[in-house]
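One-based numbering, in listed order, for ligands and for the atoms of each.
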Amino acid sequence: MKKALITGITGQDGAYLAEFLLKKGYRVYGTYRRLSTPNFWRLQYLNIFEKIDLIPADLVDAGSVIEAISISEPDEIYHLAAQSFVGASFEQPIGTGAVTGLGVTRVLEAVRQLEIKTRVYQASTSELYGNAQETPQTEKTPFKPQSPYSAAKLYGYWMTEIYREAYGIYACNGILFNHESPIRGLEFVTRKITNAVAKISLGIEKKLPLGNLEAKRDWGYAPEYVQSMWLMLQQKKPDDYVIATNETHSVQEFAEKAFDVVGLDWQKHTKVDRRFMRPLDVNLLKGDYSKAEKKLGWKPKTRFEKLVKIMVEEDLERWQRWQKGEHFPWDAPLYPNEMKILTRSLKV
Ligand code: NAP
Ligand code: F7E
């Protein structure tokens with residue numbers, strides 16, 4: 001039986017990847033960090049919590065990373081754990097560097113020191129391109145990070161290349177464009193919108209405050225994207241791949257379509273609030289996935305409108321169940337009102 005270690009198994013991708021690998025017959029280990037309140041809702045929501053072996057590890061603690069790899073002796077490591085929210089990286093640039101950047105080296109260095117034949121997937125990102133020099137972006141498009149998050153990821157990208165070339169470690173960068181789902185974190189714009197649309201249509205909330213409506217992203221469906229991670233580690237040689245839909249849509253279009261699903265006019269329920277604008281933003285991303293299609297046989301199936309519909313309908317169903325008094329693993333009822341969170345850009 002093959003063994004996989006997923007760092008960041010409590011996140012969106014970690015949960016979907018665990019589900020996928022379990023179906024493939026893997027023994028799945030996952031790292032989680034100690035929090036004062038447990039955070040396993042996604043694994044419970046997907047009904048796989050009991051099937052996973054959990055190992056405590058924090059990316060800032062190199063010893064715990066080595067321990068997790070020694071205990072699990074994995075054939076494949078999927079390094080997904082990171083401080084992954086771009087907005088927060090402007091508030092915590094040093095912490096983001098320590099976790100999202102140096103965390104990658106802690107994983108690669110553990111593999112090198114333990115002298116094991118583990119294959120490593122590194123969760124790279126379309127944010128590396130920043131305000132990209134060409135559209136659509138390919139594996140050859142130059143990088144120009146626009147946030148502390150993407151600068152940390154750029155370091156991780158290059159360390160992955162360096163460990164591959166210097167030590168012959170099978171390590172791949174998956175350059176994944178935005179991918180979303182009903183278990184996406186509530187701070188990301190797509191889920192923020194679909195959760196608010198559901199609440200507004202049920203009369204639980206009134207207005208949805210948003211920042212930069214013009215930003216354009218290439219949004220895909222997360223359960224399909226995690227399959228590409230596995231495919232990258234099954235090839236003869238390690239390589240880097242863009243995973244995307246080659247479509248781009250603005251935040252405004254996402255909001256319009258989401259309100260359409262419940263028959264409401266987005267303009268009546270949305271307001272622009274400068275507090276949700278970033279000091280620096282990425283304007284347009286659109287990824288060319290032809291290398292992945294040719295070499296991995298991977299292509300996206302779920303397109304923009306379908307993605308929006310899946311997310312709105314699931315948030316709507318959850319709030320309807322909640323209104324009937326039902327309790328089940330789900331993040332939204334515990335999420336603080338964003339207007340109550342004070343940060344440099346959100347300061348009243
Ligand atoms: P996510 O939902 O934010 O999950 C991040 C995971 O990292 C969580 O399990 C989190 O644990 C863990 N983590 C954070 N800080 C940690 C630390 N100090 N030590 C150990 N674990 C830590 O992110 P995602 O959307 O699944 O994304 C997975 C990876 O792909 C990330 O590296 C992200 O940057 C990258 N990526 C994402 C996208 C996208 O569109 N989703 C696109 C490209 C690349 P807690 O649950 O305890 O917070
Ligand atoms: O923002 C704009 C915001 O936070 C998308 C991460 O998974 O994908 C994600 O990063 C756009 C930005 O995702 C709001 O300014 C407007 O232009 O949903 P997001 P992101 O920054 O693209 C990449 C690929 C990753 O690697 C990251 O880990 O939407 N926007 N109004 C807003 N964004 C948020 N969050 N909230 C707003 O109210």
Going by atom types alone, do Lys144 and Asn131 pair a side-chain donor with an acceptor below 3.5 Å? no
Pairs where residues 312-326 contributes a residue and the test salt bridge (charged side-chain N to carboxylate O under 4.0 Å, His left out) is met, not counting sequence neighbours: Arg191-Asp315, Lys309-Glu313, Glu314-Arg318, Asp315-Arg318, Glu317-Arg321, Arg321-Glu326
Heavy atoms only, cut-off 4.0 Å: how does Lys192 contact ligand 2, side chain, backbone, both, or neither? side chain
What is the nearest protein non-hydrogen atom to atom 20 (P) of ligand 2, stated with its residue, atom name and distance? Asn178 ND2, 3.7 Å
Out of Arg217, Glu214, Arg278, who gets a non-hydrogen atom closest to atom 1 (O) of ligand 2? Arg278
Polar side-chain atom of Arg42 near backbone of Ile183 as donor-acceptor pair, under 3.5 Å: yes
With respect to atom 24 (C) of ligand 2, which of Thr125, Leu208, Asp218, Val189 exhibits the smallest heavy-atom separation? Thr125
Give yes if a backbone or side-chain nitrogen or oxygen of Trp219 is under 3.5 Å from a nitrogen or oxygen of ligand 2, and no if not. no
Any idea which atoms of ligand 2 are less than 4.0 Å away from a heavy-atom of Leu210? 31 (N), 38 (O)
Is there a donor-acceptor contact under 3.5 Å from the side chain of Ser72 to the main chain of Leu5? no
Ordered by chain then number, the protein residues lying under 4.0 Å from ligand 1 by heavy atom are Gly8, Thr10, Gly11, Gln12, Asp13, Arg33, Leu35, Asn39, Ala57, Asp58, Leu59, Leu80, Ala81, Ala82, Ser84, Val99, Ala123, Ser124, Thr125, Tyr149, Lys153, Leu176, Phe177, Asn178, His179, Arg184
So is Arg184 in contact with ligand 2, going by heavy-atom distances below 4.0 Å? yes
Heavy-atom contacts with Ser126 under 4.0 Å: which atoms of ligand 2 show up? List them by number with element. 24 (C)
Can you report which non-hydrogen protein atom sits closest to atom 35 (N) of ligand 2, along with the distance? Glu187 O, 2.9 Å
With the threshold set at under 4.0 angstrom, would you say Gly87 reaches ligand 2 through any of its heavy atoms? no
Phe328 vs Trp330 aromatic rings, parallel, tilted or perpendicular, using cut-offs 30° and 60°? parallel
Under 4.0 Å from a heavy atom of Ala215: which atoms of ligand 2 are those, numbered in the order shown and with their elements? 17 (O)
Identify, with sequence neighbours excluded, every residue that meets side chain to side chain donor-acceptor pair (under 3.5 Å) alongside Glu161. Arg164, Asn173
Per-atom contacts, ligand 2 versus Val86 - under 4.0 Å to a heavy atom: 10 (O), 21 (O)
When you compare the side chains of Tyr155 and Thr105, does any donor N or O come within less than 3.5 Å of an acceptor on the partner? yes
Pull out every atom of ligand 2 sitting under 4.0 Å from any heavy atom of Gly211, numbered as shown with elements. 14 (C), 16 (C), 31 (N), 38 (O)
Tell me the closest heavy-atom pair linking Val60 and Val99, and the distance in Å. CG1-CG2, 3.7 Å
Taking only heavy atoms of Phe276 into account, list the atoms of ligand 2 that are under 4.0 Å away from them. 38 (O)
Using the rule given for side-chain contact (heavy atoms from CB on, under 4.5 Å), can you reason through Arg217 versus Thr248, listing the C-alpha separation, both sets of side-chain angles and the distance that settles it, and then say yes or no? CA-CA 5 Å; Arg217 290 290 183 278; Thr248 189; 5.5 Å; no
Go through the steps to decide whether Val104 and Thr160 satisfy the test side-chain contact (heavy atoms from CB on, under 4.5 Å), and finish with yes or no. CA-CA 8 Å; Val104 182; Thr160 304; 3.8 Å; yes
In ligand 2, the atoms that come under 4.0 Å of a heavy atom of Val251 are 2 (C), 29 (O)
Enumerate the residue pairs fulfilling ring-ring contact (aromatic ring centres under 6.0 Å, His included) with a member in residues 114-144, sequence neighbours excluded, ordered by first and then second residue. Tyr129-Phe143, Tyr129-Phe177, Phe143-Tyr157
What protein heavy atom lies closest to atom 28 (O) of ligand 2? Include the residue and the distance to one decimal. Ser84 O, 2.6 Å
Aromatic centroids of His179 and Tyr221 separated by under 6.0 Å: no
With heavy atoms of Asp281 as the reference, note each atom of ligand 2 found under 4.0 Å away. 3 (C), 12 (C), 15 (O), 17 (O)
Residue among Glu338, Glu205, Glu187 satisfying salt bridge (charged side-chain N to carboxylate O under 4.0 Å, His left out) with Lys192: Glu338
So, applying side chain to side chain contact (heavy atoms under 4.5 Å, CB included) with Met229, which one of Leu176, Leu21, Ile6, Ile243 is it? Leu176
